[in-house]
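A short write-up of the structure that comes next.
Letters A, B, ... are given to chains in the order of the sequence lines, protein chains preceding strands, and every chain is numbered from 1.
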Protein chains: 2
Amino acid sequence: MEYTIEQLNGHIEGFYWFGKEDVRLTRLPASTFPRLRKDVAFLATNTAGGCIRFKARTSMIGIEIVMHPSRPYEKFSRAGQCGLDVYADGHYVHTFVPPRDGYFISVAETDGARSHDYSIYLPTYASLEIKSLCVDEDITPATKHRVTKPIVFYGSSITQGAYASRPGLAYPSILGRLLDAEIINLGFSGNGKCEPEVASLVSRIDAACLVMDAGGNLTAPEEEGIITVRYPAFLACVREQHPSMPILINNMQHIGAASWNTVFRRLCNRVRDAIKTTYETMLRSGDRNVHYTDGMDAIGPGDLDCTADGTHANDLGFSRYVSIMAPVLRRVLG
Amino acid sequence: MEYTIEQLNGHIEGFYWFGKEDVRLTRLPASTFPRLRKDVAFLATNTAGGCIRFKARTSMIGIEIVMHPSRPYEKFSRAGQCGLDVYADGHYVHTFVPPRDGYFISVAETDGARSHDYSIYLPTYASLEIKSLCVDEDITPATKHRVTKPIVFYGSSITQGAYASRPGLAYPSILGRLLDAEIINLGFSGNGKCEPEVASLVSRIDAACLVMDAGGNLTAPEEEGIITVRYPAFLACVREQHPSMPILINNMQHIGAASWNTVFRRLCNRVRDAIKTTYETMLRSGDRNVHYTDGMDAIGPGDLDCTADGTHANDLGFSRYVSIMAPVLRRVLG
């Protein structure tokens with residue numbers, strides 16, 4: 001059977017507005033792009049966190065896509081940036097890697113002996129169109145997630161999934177499998193700047209939990225101090241719409257350059273202080289649904305081998321993120 | 001100060017024959033290339049495991065190289081394949097990534113306040129020439145390793161370092177830092193086939209230990225059974241030259257395709273059995289210096305998220321390799 005993107009409506013996760021306003025794979029509604037900063041609007045077309053989920057008995061999965069040109073990164077493999085990962089019943093099977101931009105069709109061998117729950121994770125750092133998905137027989141809806149509402153992650157490139165070796169290994173996607181929940185990845189590479197427009201969009205999502213992992217994109221000298229305004233305002237905007245939704249605030253990890261660059265160290269400390277203060281202020285105001293983890297416990301000054309470049313987690317670093325967040329998320333999700 | 005490759009003699013690790021026969025960065029002596037299979041000879045020009053080590057007080061390190069064309073891999077970042085990693089006193093600092101093939105010069109900011117032990121790890125999957133190394137002042141020899149002889153690793157692509165996010169994270173290099181030893185990386189992507197010619201070269205190295213991590217390249221149907229001949233013969237050849245050198249035999253990890261492809265599963269099991277049998281036979285013959293770890297304990301059937309593609313370890317997988325081998329190596333190295 002062959003399915004178009006329209007026919008996959010109901011099988012697509014990670015795009016909150018998909019099927020509501022249109023069937024484009026965008027992480028924020030395309031109708032809002034004119035109001036967003038250009039970089040945010042562009043990055044919203046990256047499919048990070050997107051996933052096609054279905055149940056099928058099939059000896060192969062075929063996928064037909066158009067891959068739009070994406071900026072090459074020297075520290076990112078093409079599989080990590082543009083790959084599509086196939087999982088069956090939560091276990092890794094195969095990565096489709098478009099060899100170049102443009103039209104692309106690929107087939108993976110799967111287990112046709114019995115029915116499985118398949119998840120196809122979409123690229124973290126690329127925009128694409130899905131022309132069709134092919135399997136041997138009809139697909140049916142995937143087994144429902146244990147957690148009924150999605151978990152939303154807002155943050156930077158690390159949240160978006162740079163430089164995971166493949167998209168299923170971005171830390172929000174690992175957490176989604178571990179907790180059995182849909183995830184919505186709102187990581188914006190270099191642009192997780194907590195703008196009011198984005199806060200307003202995030203607050204429209206009816207989520208099981210918001211993981212707030214921003215701050216790393218507000219360490220530039222020319223933006224010093226903005227964090228102390230934007231960060232609490234972002235959370236206040238979300239709180240207004242969702243008075244009791246759990247919020248997990250993850251503070252910023254260590255960045256290698258802070259070890260030897262004293263100016264940068266001061267900027268990082270200021271961001272970390274602002275995030276900690278926001279958490280403590282919410283707690284003191286009586287908010288019982290705000291939780292805290294410290295990215296330093298995932299990647300601290302002695303942990304740069306958990307990074308690809310002193311800043312961005314590698315797959316080992318992502319497993320550290322999962323290990324600090326999973327216990328808290330398990331508790332708050334019940 | 002500027003140093004040519006000739007002047008760096010005495011500061012170069014990982015190339016056992018460097019400075020003895022010539023000053024080319026080859027992992028096997030260039031004079032033997034005509035006797036080796038073409039793929040092995042070519043791969044011997046990849047600089048996996050190579051390292052420039054020196055002590056210096058410098059605010060910058062500059063390097064001038066010629067990068068030779070290398071095959072692009074869709075699952076490998078350019079930093080992982082062609083990058084050069086700078087460490088100071090065992091801690092990660094910076095990755096030089098040649099943007100393309102050809103002539104290339106790059107500078108990294110380092111700590112000029114005091115003297116450090118610098119290590120520059122060379123690319124895992126590329127051949128290059130070093131034209132010069134520049135630092136502020138004179139370099140002096142790096143602090144001597146605690147382990148006085150090198151540890152040799154013989155194996156496949158995983159040993160060579162595919163698909164580490166950067167060269168300092170190939171598992172032999174991590175072990176080198178952890179144990180404070182020079183390492184010689186004789187991983188040959190797809191070509192760790194335990195040939196007698198290679199055994200004879202490996203046996204020429206006066207090593208603290210041999211880590212034998214081969215087998216994964218002898219699972220092809222047309223080579224079935226070769227492992228039962230080649231593997232014990234390889235080790236017998238080494239043993240003849242080094243009657244009491246510690247040998248750590250690491251058995252083959254799980255490969256994803258063995259989960260669903262029964263033909264491949266049989267071939268993998270045959271390789272694993274042959275390796276286990278070789279170890280047991282050596283033990284029974286009274287060899288007291290042979291040790292064993294099982295790659296399945298690093299990457300077993302439930303651990304495919306420790307891989308980039310179901311076969312090759314990612315950075316998380318490499319940390320698992322280190323965790324199974326380090327305790328044994330600590331013990332045998334005293």
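A heavy-atom distance below 4.5 Å is found between the side chains of W260(B) and V93(A).
With no hydrogens or angles considered, no side-chain donor-acceptor pair links D315(B) and Y163(A) at under 3.5 Å.
Of the listed residues D305(A), D309(A), L304(A), the one with more heavy-atom pairs under 4.5 angstrom with chain B than any other is D305(A). Chain B forms the most heavy-atom pairs under 4.5 Å with one residue out of I174(A), T110(A), D85(A), T307(A), and that residue is T307(A). Counting heavy-atom pairs closer than 4.5 Å to chain B, the top-ranked of the candidates A79(A), A164(A), G83(A) is A79(A).
For a residue to count as touching a neighbouring chain, one of its non-hydrogen atoms must lie under 4.5 Å from one of that chain's; by this rule D111(B) does not touch chain A. Residue R320(B): no heavy atom, backbone or side chain, is found under 4.5 Å from chain A. When heavy atoms are compared at a cutoff of 4.5 Å, Y87(B) approaches chain A solely by way of its side chain, counted from C-beta outward.
Interatomic distance, NE2 of H91(A) versus OG of S259(B), reported as 9.5 Å (0.5 Å rounding).
The heavy-atom pair separating G310(A) from Y92(B) by the smallest distance is N-CE2, 3.3 Å.
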